[in-house]
Enquirer: 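Sharing a structure here in structure tokens format.
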Amino acid sequence: MIIIDRLVWKKAAITNHLHNLLEMLEIQQFSEPVILADSTKQQFVAELTCKGRSLVTGKPYNQTYISVVSHSNGKITHYKDYWNPMIVLESDLGGSKHDQ
């Protein structure tokens, strides 16, 4: 039961974080992803960028994302996403410098 409670808490925390982020961020454009596939491992890596701005400060939010995705039988079995947290700080979405 503890594991289920933790998963519910994590799901709620992620949902809350994304909701708050979407109120502070405007994504204006995503690039076409560059995809490198490995069919023997049923895995692919996608790289894409976005252009946007902070709705709080007006500063740019131009980010690069790298996603590593495993799949089986047409379903995603594992998803890992990488991005640069410094971009968030540079756009002042991370709060004041005293908060970091």
Side-chain angles (χ1 to χ4, degrees):
M1 197 62 152
I2 291 173
I3 292 173
I4 293 172
D5 289 343
R6 285 183 185 163
L7 289 175
V8 169
W9 177 83
K10 285 182 181 181
K11 183 177 178 181
I14 291 169
T15 300
N16 187 49
H17 169 72
L18 291 175
H19 182 329
N20 291 337
L21 186 61
L22 292 175
E23 290 179 355
M24 298 185 300
L25 182 64
E26 175 186 61
I27 301 295
Q28 299 159 336
Q29 177 182 351
F30 277 103
S31 69
E32 287 292 321
V34 175
I35 298 177
L36 304 170
D38 184 343
S39 58
T40 60
K41 292 184 178 180
Q42 294 187 320
Q43 186 176 67
F44 65 88
V45 175
E47 179 178 354
L48 63 144
T49 61
C50 80
K51 291 186 181 207
R53 69 178 181 92
S54 165
L55 294 174
V56 177
T57 64
K59 290 183 179 181
Y61 178 81
N62 301 325
Q63 185 67 268
T64 298
Y65 301 96
I66 305 283
S67 299
V68 181
V69 183
S70 299
H71 56 90
S72 180
N73 299 319
K75 295 185 178 184
I76 293 173
T77 57
H78 189 261
Y79 183 94
K80 204 176 255 195
D81 197 40
Y82 299 92
W83 51 274
N84 184 350
M86 295 303 294
I87 301 298
V88 174
L89 297 176
E90 289 168 2
S91 65
D92 289 338
L93 286 172
S96 72
K97 292 182 180 180
H98 301 291
D99 295 338
Q100 294 142 30

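Values below: all heavy atoms of this structure, side chains included; hydrogens, waters and symmetry mates excluded.
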Enquirer: According to a 4.5 Å side-chain heavy-atom criterion applied to Ile, Leu, Val, Met, Phe, Trp and Tyr, with indirect links allowed, do Tyr82 and Ile87 form part of one hydrophobic cluster?
Expert: no

Enquirer: Counting only heavy atoms from other residues, nucleotides and ligands, does the tally under 6.0 Å from CD of Glu23 exceed 12?
Expert: yes

Enquirer: Tell me the closest heavy-atom pair linking Asn62 and Lys51, and the distance in Å.
Expert: OD1-CA, 3.3 Å

Enquirer: Taking the side chain from Thr57 and the backbone from Ser91, do they hold a donor-acceptor pair closer than 3.5 Å?
Expert: yes

Enquirer: Working to the nearest 0.5 Å, report the span between CZ of Arg53 and CG of Leu25.
Expert: 9.5 Å

Enquirer: Using modelled atom types and a 3.5 Å cut-off, is there a donor and acceptor pairing between side-chain atoms of Ser70 and backbone atoms of His78?
Expert: no

Enquirer: Side chain to side chain donor-acceptor pair (under 3.5 Å) with Thr77: which residues, sequence neighbours excluded?
Expert: none

Enquirer: Look at the side-chain heavy atoms of Ile, Leu, Val, Met, Phe, Trp and Tyr, link any pair under 4.5 Å apart, and say whether Val69 and Ile35 land in one connected group.
Expert: yes

Enquirer: For Glu47, check side chain to side chain donor-acceptor pair (under 3.5 Å) against everything at least two apart and list the hits.
Expert: none

Enquirer: Report whether Tyr65 and Val34 are members of the same hydrophobic cluster (ILVMFWY, side-chain heavy atoms less than 4.5 Å apart, transitive linking).
Expert: no

Enquirer: Taking it one step at a time, do Asn84 and Thr64 satisfy side-chain contact (heavy atoms from CB on, under 4.5 Å)?
Expert: CA-CA 7 Å; Asn84 184 350; Thr64 298; over 6 Å; no

Enquirer: Nearest 0.5 angstrom please: Gln42 CD to Asn73 CG, how far?
Expert: 7.0 Å

Enquirer: In this structure, would Phe44 and Tyr79 fall into the same cluster of hydrophobic residues linked by side-chain contacts under 4.5 Å?
Expert: yes

Enquirer: Is Leu55 reachable from Val88 through a run of I, L, V, M, F, W or Y residues, each pair having side-chain heavy atoms under 4.5 Å apart?
Expert: no

Enquirer: Mind checking what makes side chain to side chain donor-acceptor pair (under 3.5 Å) contact with Lys59, not counting sequence neighbours?
Expert: Asp92

